[in-house]
*Asks:* 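This is the structure I have questions about; it appears just below.
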Amino acid sequence: MQFITKEGGLKAAISSWAILLKRVLLPGLVFLMNFTPVPVLAVTRDVSLLIPDPLDSKGEPAPIPQDRKRMLDYIGREADVHFELQRCPWKRILLLAEHGEGLVFGISKTGDRERMFHFSRPLYANYVWLVTRRDARFDYKSIADLKGRSVGIVAGTHYGDYFDEQKGKLFKVESDTNSVAARFNKLANRRMDVMVIQDPGSDARDLEERINRYFSKQQIAEGQPLVEFSVLAKPLLVDDIHFAIRADKDDGLIQKIDAAIAKGKKQGILALDLPKAGKQ
């Protein structure tokens with residue numbers, strides 16, 4: 001019987017482990033390195049968000065209301081996008097959107113628009129109200145009651161297909177910039193009979209009180225004759241507000257936004273801060 005010396009045994013063991021490492025363990029490690037999935041970190045993408053720029057009494061862009069800003073921040077996080085806000089007049093927003101140059105916020109559906117854009121689910125609803133001078137109010141029940149009147153709207157806005165069809169036929173349209181103060185001054189000076197405005201509140205009397213409180217202060221400060229306004233009791237329509245993007249530019253963005261809206265509504269995060277007449 002042949003005995004292996006201690007030194008010979010150690011060398012044999014090292015040699016055996018070297019062969020095992022070379023033939024079995026190393027190929028296994030290489031296999032795992034080549035086929036083990038590597039986690040891919042999500043990259044937040046930049047999205048140009050086209051948003052209206054209503055003007056204040058000085059003709060400067062009014063600040064974005066905090067509740068709208070909160071909505072946009074939340075939806076951006078949930079949809080994993082960073083909104084780059086691009087504020088401009090409504091007509092230009094529509095032109096840019098039609099050329100596929102951004103996502104629109106604050107748009108309502110019409111037949112023509114639905115053929116061009118992909119719309120998100122509704123984010124919230126705006127009530128579309130008719131406002132007159134108090135001394136020129138009338139009973140409004142349907143669009144037929146606008147017959148022969150001049151109606152002030154912001155250029156590029158739409159208030160339903162039937163309303164659009166009757167422009168220049170049943171009633172005359174006064175197209176304005178999106179300056180609230182300038183539009184009310186025009187109404188006060190009888191350069192239109194009735195003005196269309198949008199507000200998330202559903203109470204006509206509450207809105208009327210807010211309008212008169214605000215503009216009475218402005219008229220007094222500017223030394224103008226005091227003119228009171230009336231909000232007609234029945235809204236022209238209740239208008240759902242959406243995000244939208246040109247159909248061929250939608251790469252799944254609207255689906256992500258829809259999921260964010262659904263989650264936010266379920267959690268009560270997307271509620272608007274509705275102003276009240278008794279509050280400043």
Side-chain angles (χ1 to χ4, degrees), residues 46-79 81-97 101-108 120 122-129 131 152-157 176-188 195-203 206-222 229 231 239-244 257 260-261 264-265 268-280:
D46 292 331
V47 172
S48 177
L49 184 65
L50 307 171
I51 186 169
D53 62 343
L55 305 178
D56 61 19
S57 59
K58 298 179 182 179
E60 298 294 330
I64 298 173
Q66 285 301 310
D67 55 356
R68 308 305 197 281
K69 189 174 185 303
R70 185 177 64 242
M71 280 183 174
L72 296 177
D73 289 345
Y74 172 82
I75 291 171
R77 286 195 306 273
E78 290 297 318
V81 297
H82 172 255
F83 290 133
E84 295 183 332
L85 302 188
Q86 186 173 347
R87 303 184 70 186
C88 45
W90 188 245
K91 285 187 74 173
R92 177 155 179 78
I93 283 177
L94 293 178
L95 183 63
L96 290 170
E101 296 181 27
L103 174 74
V104 184
F105 169 70
I107 192 170
S108 56
S120 72
L123 184 57
Y124 59 90
N126 263 342
Y127 286 77
V128 180
W129 298 102
V131 184
I153 66 172
V154 174
T157 54
D176 302 317
T177 62
N178 199 9
S179 169
V180 176
R183 298 184 70 215
F184 271 95
N185 286 336
K186 192 173 179 179
L187 180 62
M195 184 175 74
V196 179
I197 66 170
Q198 299 185 56
D199 189 84
S202 60
D203 188 331
D206 179 271
L207 175 60
E208 180 177 292
E209 188 176 335
R210 285 189 276 129
I211 288 171
N212 283 314
R213 184 188 331 112
Y214 177 82
F215 283 102
S216 64
K217 290 179 181 178
Q218 182 176 317
Q219 290 163 356
I220 291 170
E222 296 177 358
F229 301 99
V231 178
D239 200 19
D240 285 332
I241 299 303
H242 308 260
F243 290 89
I257 289 173
I261 292 173
K265 285 189 173 183
I269 294 172
L270 298 182
L272 291 173
D273 299 330
L274 298 182
K276 295 299 180 184
K279 298 183 179 180
Q280 296 295 333

*Asks:* Do you know the tightest heavy-atom contact between Q198 and D239?
*Replies:* OE1-OD2, 4.2 Å
*Asks:* How many angstroms lie between atom CD1 of I197 and atom CH2 of W129, to the nearest 0.5 angstrom?
*Replies:* 9.5 Å
*Asks:* Between A260 and A79, what is the shortest heavy-atom contact and its length?
*Replies:* CB-N, 4.5 Å
*Asks:* Does D199 use its side chain to pair, donor to acceptor, with the backbone of Y127 at less than 3.5 Å?
*Replies:* no
*Asks:* Please give me the minimum heavy-atom distance between V196 and V128, naming the atom from each residue.
*Replies:* CG1-CG1, 3.3 Å
*Asks:* For the residue pair F229 and F215, does the interplanar ring angle fall in the parallel (under 30°), tilted (30 to 60°) or perpendicular (over 60°) class?
*Replies:* perpendicular
*Asks:* Roughly how far apart are M195 CE and I211 CD1, rounded to 0.5 Å?
*Replies:* 6.5 Å
*Asks:* Looking at D206 and R210, is there a salt bridge between them, counting it only when a charged N and a carboxylate O are closer than 4.0 Å?
*Replies:* yes
*Asks:* Go through the steps for D73 and R77 under the test salt bridge (Lys or Arg N to Asp or Glu O under 4.0 Å), then give the verdict.
*Replies:* CA-CA 6 Å; D73 289 345; R77 286 195 306 273; 5.4 Å; no
*Asks:* Can you name the closest pair of heavy atoms from I93 and P52 and give their distance?
*Replies:* CD1-N, 3.3 Å
*Asks:* Does the side chain to side chain contact (heavy atoms under 4.5 Å, CB included) test come out yes or no for T157 and W90, once each step is laid out?
*Replies:* CA-CA 7 Å; T157 54; W90 188 245; 3.9 Å; yes
*Asks:* Which pair of heavy atoms, one from S120 and one from I261, lies closest together, and at what distance?
*Replies:* OG-CD1, 4.0 Å
*Asks:* From I269 CD1 over to E78 CD, what is the distance, rounded to the nearest 0.5 angstrom?
*Replies:* 7.0 Å
*Asks:* Give, for atom CD1 of I64 and atom CG of L72, the distance between the pair rounded to the nearest 0.5 Å.
*Replies:* 7.0 Å
*Asks:* Is F105 close to L85 at the side-chain level, that is, under 4.5 Å between some pair of heavy atoms?
*Replies:* no
*Asks:* Mind checking salt bridge (Lys or Arg N to Asp or Glu O under 4.0 Å) for D176 and listing every partner two or more places apart, or none if nothing turns up?
*Replies:* R183, K186
*Asks:* Begin with the C-alpha distance, continue with both residues' side-chain angles, and end with the deciding distance and a verdict on side chain to side chain contact (heavy atoms under 4.5 Å, CB included) for I51 and F83.
*Replies:* CA-CA 11 Å; I51 186 169; F83 290 133; over 6 Å; no
*Asks:* Nearest 0.5 angstrom please: L96 CG to K91 NZ, how far?
*Replies:* 13.0 Å
*Asks:* I need the minimum non-hydrogen distance between P200 and N126, along with the two atoms involved.
*Replies:* N-OD1, 3.5 Å
*Asks:* Are more than 12 heavy atoms from other residues, nucleotides or ligands located less than 6.0 Å from atom CZ of R87?
*Replies:* yes
*Asks:* Considering residues at least two apart in sequence or located in another chain, which fulfil the side chain to side chain donor-acceptor pair (under 3.5 Å) criterion with K265?
*Replies:* none
*Asks:* Just jot down the side chain to side chain donor-acceptor pair (under 3.5 Å) partners of T177, sequence neighbours excluded, or say none.
*Replies:* none
*Asks:* Atom CG of L94 and atom CG of L50: how far apart are they, to the nearest 0.5 Å?
*Replies:* 9.0 Å
*Asks:* Before giving the answer on side chain to side chain contact (heavy atoms under 4.5 Å, CB included), spell out for V81 and L103 the whole-Å C-alpha distance, their side-chain angles and the decisive distance to 0.1 Å.
*Replies:* CA-CA 12 Å; V81 297; L103 174 74; over 6 Å; no
